[in-house]
Amino acid sequence: MPESIDKSGFISLRKKIIESEFSRMNDRQKEAVFTTEGPLLVLAGAGSGKTTVLVNRIACILKYGSAYQSSFVPDNITAEDIGYLEKCLKDKDFSGDRLRKLLAVNPPPAWSVLAITFTNKAANEMKERLEQMLGDESQDIWALTFHSACARILRRDIDKLGLGYTRSFTIYDTDDCARLMRETCKNIDSGDRSFVTKTLLPTISRAKEKNLDPVQYEKAVGNDFRLKKVAEAYYKYQDALRRANALDFDDMLMLTVRLFRAAPEVLQYYQRRFKYILVDEYQDTNNIQYQFVSMMASVNRNLCVVGDDDQSIYKFRGATIENILNFEGQFENARSVKLEQNYRSTSVILDAANAVISNNAGRKGKTLWTSNGQGDKIDVASFDSELDEAQYIADTILDNVRNGGKFSQNAVLYRMNAQSGAIEKAFVRRGIPYRVVSGYRLIDRLEIRDLLAYLKVINNTRDDVSLSRIINVPKRGIGDATVSAAQQIAARDGVSLYDVFSSCEDIEYFSKKCVKIKPFVDFIEEMRALSAEAPVHELVKEVAVKSGYIAALEAENSGESRERTENIGAFVSSAAEYDSLSDEPNLQGFLEECALMSDIDNYDGSADTVTMMTIHSAKGLEFPVVFIAGMEEGVFPGQNADFYPDELEEERRLAYVGITRAKKKLNITYARSRMLFGSTVYHRESRFLKEIPDELKDETDMRSHETTFSMMSNKPKHKPAVDSGFSRPAAAAAQSFAIGDTVHHSTFGTGMVLSVKPMGGDTLLEIAFDKFGTKKLMANFARLKKD
DNA sequence: AAGCTAAGCGTTTTT
DNA sequence: CGCTTAGCTT
C-alpha cells in the first residue's frame, strides 16, 4: 500500500460513507443496521420501523459486508480512489460499482441470506423490499416461513431420514389430521367428540414441539394414566402418518431437525449456504423452531432475531417468550438493541397502549414514544346489542368517507371470527364495500377440499385419508361396507388403501365390486400420468370434470351447487396463477402452497374496501382508522382469563397489538348483550378499556335504559358474502341518481333520494326510506332499482 | 348403498 | 345458530 494513504483516515471515511447512506435512521436503528456480525437481538416495539431496519441491514451486509466493523484496508487504494470516495460522500451518491468495490469487506453472495418469517405475506413483502433495494441480486435470497423453509429442505432429503417417507410426501392440515386420528384411534373414544381436536392433537403437537417422538414421549409421561393413553394414540397416529407418507405441520419442523441430526452433511450444506440468518417475530417461535434456528446458525453465528415480547400472542400454539428472554444466554456474545421510537401512531394511541400493557408482569419492559402529535382522543361507545354496535361502526365509516376518507383506511378488528357476521350485515345494508380476512379460505370449502383430496391421492397414493374422503364422492357405488373391508385388508397386509383397490381383481371379497372399483382406479392412474406432463391447472380441470364431480353438481342444479361450481372455477384459476408465477410448477408444489397459504397471504391492501379481521391476523399491519369491536369481559378478554392468569396476560398483549394497529384514530366499542353461538349473552365492559386513562377517551353511552328497541332487529334478507375474495362488481349498478328519485332497496323497500354526492368513482346517496328512515348508501354497492 | 330426518353439540386465536 | 352424525327407511 502506498505510504501516502492514511489507514485510519480511510477507515473513518468508509464509516462516514456507510453511515451517510443510512442517515435517515435513528441512532438505535443504525446500531442494529451496522451490527453485521455475531448474534443480535432487536427488541422492536410496535411501529418502530422494524422491517425497514431488517431490510437495510441486509442491504448493508450484501453491499459492504463487514466493512463497517472491520479494520481491514485493501492494499491497492490510491489517492485518486480517496478523492473519488470523498466526492461520493459530498454528492451523497452511493450507487457506483466502484464505490462498492473500494469499500466492501467480504460481502457475501446474495443467496447467503435466509430470512424466516411467520406468514407468506411477510416473507413476500420482505423479498419485494429487498428486490427494490438490491435489484437482481436478491433473486436467490430465501425469504420464507419456517414451514416453507422446512418443506424445501425435506423435499430434497427426507429419504435420508430412513423412516420410509419419500419426496412426494403430503402435508396434512388440521382437518386431515383429525380424520386420521379418528380413524386410527377408534377405540380411544371418550364420548367427547371434540376430544381429538381439542385435547389429543394439541397435546401431541406440544410433544412434537419439544422434539419428542412417541417412544420418547411415552418415557417422559411416566405413570400418568391419562397421558399414557395419549402416548398410545401418538404412537398409532405417527405410524399412520408415516404409512400415508404424510407430515402434519409439526412434523415439518420436527423431522427437519431430526434430518439435520441423522444426516449431518445436509445440515452442513445449509450452514455453509446461509452465512446470514434472520428471524422476524421471534417472540412467536417455539422450542423446535429455536432448535432449527440455532442449528442453522451455529457455524457462522450471524443470527439476527427481531421481536417484541409485548406482541407475543401465539402461546396457545406453543410459542415461548423464553426464546426472546433467554437469547443473550443462549447465544454467546449476543448484542441487543431496543427500538422504542414509534413512527406509526399518535401519542394518544401510544399512551393508551402503554397504559394497558404496563399491567402485565412478565415482560422485558419497553416504553414506546413518538414525536408524532397527540391526535384525536379514542372514541369509546357502548351499545345494547351487537347489532347496534355494528350499525354504529357502519355509520361512522360512512361519515369518514363522506368527509373525504377512503373505505380502505378503515379496519374493523375483533377477537373472534364469529363476531364478523353482525358487522357484515350492517355493511351489506349500508352498501359499504368490505373484505373479510378470515381463517376460512377458498381451499377450506367442502368442494375444494374434495378436489384437493383427489389431487393428493394423485400425488401420493399412500394418502389413505384423502382416498377415503373421495372414494365415493361423487357417488359411484363404493359404500361404507366396501371401504371398511378394504381398510381391514390394507391393515392386515400392511399396504395402502389404494393398493388394495388397485388389486381388487385378485381379492375374492371384491369379485362383484370390481365393476365399480376398477373405473375409479383407472381414472386415478390416468390422472397420475397426466400430472407428469400437463400444467397443474389443466390437471385440476380434468380431475374436476372426469371424476364426475362437476356433473354431479350440475345435476343438483341448486343455488348452492352453482356456487360450488363457481368456486371450483376460482380454484382452477388459482392453479393457473400458480402455474404462471412458479419457477417450476408441479402438483406437489401446488399442494404445498395450498397447505401453507393463509387468507391473509392473499390480502391485497390496494382495493378500496373496509378490512375486517381478527386481531391475530392484523399483526404486522397498520390502518389510519381502527375499530376494535366487542371490548367486553367474556369476549375480550375471553372467559378463560379469569381462571388462568397467563391467558389474561396473553389477551392483554393481544389488546396491545390491536391498539397499536391504529395510526390516526382509534374507535373502541362494546355491547352489553350479544348473540353468540345461538344464545344471547350479557357482558360488562372490558377491564382493558378501564386500563386506558380517562383523559385519552371520549366516551359515549348509546345504551337505552328502558325497553330495548332496535330497528336493526329486522332480519336482513341477504345472506352476507362469506368471503370476499371476490369483491362485488363495482360496475354492476352503473346508473345515475338524482335528488327526488324514487328507489327500491331489497331490504329497506321504497325511498326517496335526498342527496347525491360523487365519491371516488362511486356515488354516496342519502335516501329517506318510507319505513326505515334516512340511510346513507353507496350507489354501486346498494343494489338499488330506480322507479 | 343412498337418502332422509331428528337429535345433539360445540363453539378463541392459526402455520 | 349452523353443522355433523346417528339411525332409520327405501
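Just so you know, these numbers use all the heavy atoms, side chains as well, and skip hydrogens, waters and symmetry mates. Chain A is the first sequence line, chain B the second, and so forth, proteins listed ahead of strands; every chain is numbered from 1.
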Checklist entry - More 5' along DNA chain B: A:Lys475 or A:Tyr314, using each one's nearest nucleotide? => result A:Lys475
Checklist entry - Just wondering, do A:Phe316 and B:dT13 stack (centres under 5.5 Å, planes under 30°)? => result yes
Checklist entry - Will you find, in the side chains of A:Glu447 and A:Asn567, an N or O donor that is under 3.5 Å from an N or O acceptor? => result yes
Item to check | Of A:Thr119 and A:Ile478, the one whose closest DNA chain B nucleotide lies more 5' | outcome: A:Ile478
Item to check | Rounded distance in Å - CG (A:Leu654) to C1' (B:dT14) | outcome: 13 Å
Checklist entry - Salt bridge between A:Lys315 and A:Glu647, side-chain N to carboxylate O under 4.0 Å? => result no
Next on the checklist: Taking any heavy-atom pair under 4.0 Å as a contact, classify A:Asp480: base, sugar-phosphate, or nothing.
Outcome noted: sugar-phosphate
Checklist entry - Phosphate oxygens OP1/OP2 of B:dT13: is one of them under 4.0 Å from a side-chain N or O of A:Asn640? => result no
Checklist entry - With sugar-phosphate meaning primed atoms plus P, OP1 and OP2, does A:Gly638 contact a base, only sugar-phosphate, or nothing at under 4.0 Å between heavy atoms? => result nothing
Next on the checklist: Rounded to whole Å, please give me the gap between CE in A:Met613 and C1' in B:dT13.
Outcome noted: 14 Å
Checklist entry - Separation of A:Glu649 atom CD from B:dT12 atom C1', in whole Å? => result 18 Å
Checklist entry - Using a cut-off of less than 4.0 Å, is there contact between a side-chain N or O of A:Lys315 and OP1 or OP2 of B:dT13? => result no
Next on the checklist: Just the rounded figure in Å: distance from C1' of B:dT14 to CD of A:Glu209.
Outcome noted: 12 Å
Next on the checklist: Check the phosphate of B:dT13 against A:Asn417, side-chain N and O only, distance under 4.0 Å to OP1 or OP2. Yes or no?
Outcome noted: yes
Checklist entry - Between A:Thr174 and B:dT14, does any side-chain N or O lie under 4.0 Å from OP1 or OP2? => result no
Checklist entry - Across the strands shown, which category fits A:Ala481 at heavy-atom distances under 4.0 angstrom: base, sugar-phosphate, nothing? => result sugar-phosphate
Next on the checklist: Check this one for me: any side-chain N or O of A:Lys619 less than 4.0 Å away from OP1 or OP2 of B:dT13?
Outcome noted: no
Next on the checklist: So, OP1 or OP2 of B:dT13: does either fall under 4.0 Å of a side-chain N or O from A:Thr614?
Outcome noted: no
Checklist entry - Could a donor-acceptor pair under 3.5 angstrom be found where the side chain of A:Arg317 meets the base of B:dT15? => result no
Next on the checklist: Over all strands shown, is A:Ser148 touching base, sugar-phosphate only, or nothing at heavy-atom distances under 4.0 angstrom?
Outcome noted: nothing
Checklist entry - Just how far, in rounded Å, is P of B:dT14 from NE2 of A:His616? => result 7 Å
Item to check | Value in whole Å for how far the P atom of B:dA2 lies from CD of A:Glu556 | outcome: 15 Å
Next on the checklist: Measuring to OP1 and OP2 of B:dT14, would you say a side-chain N or O of A:Ser617 lies under 4.0 angstrom away?
Outcome noted: yes
Item to check | Stepwise side chain to side chain contact (heavy atoms under 4.5 Å, CB included) test for A:Glu281 and A:Lys619 | outcome: CA-CA 10 Å; A:Glu281 309 284 11; A:Lys619 191 158 72 138; 3.4 Å; yes
Checklist entry - Quick one: A:Phe195 CZ to B:dC9 P, roughly how many Å, whole number? => result 17 Å
Checklist entry - B:dT13, B:dA2, C:dC1: which one has an atom nearest the side-chain heavy atoms of A:Met675? => result C:dC1
Checklist entry - Heavy atoms under 4.0 Å, any strand shown: does A:Glu281 hit a base, just sugar-phosphate, or nothing? => result nothing
Checklist entry - Would you say A:Ser679 reaches C:dC1's phosphate, i.e. side-chain N/O to OP1/OP2 under 4.0 Å? => result no
Next on the checklist: Expressed as a whole number of angstroms, how long is the span from A:Asn287:CG to B:dT15:P?
Outcome noted: 21 Å
Next on the checklist: Less than 4.0 angstrom from a charged side-chain N to a carboxylate O is my criterion; do A:Asp280 and A:Lys50 meet it?
Outcome noted: yes
Item to check | Aromatic ring pairing A:His147/A:Phe249, orientation class (parallel under 30°, perpendicular over 60°, tilted between) | outcome: perpendicular
Checklist entry - Stepwise, does the side chain to side chain contact (heavy atoms under 4.5 Å, CB included) test hold for A:Arg155 with A:Phe169? => result CA-CA 8 Å; A:Arg155 285 285 175 221; A:Phe169 64 81; 3.5 Å; yes
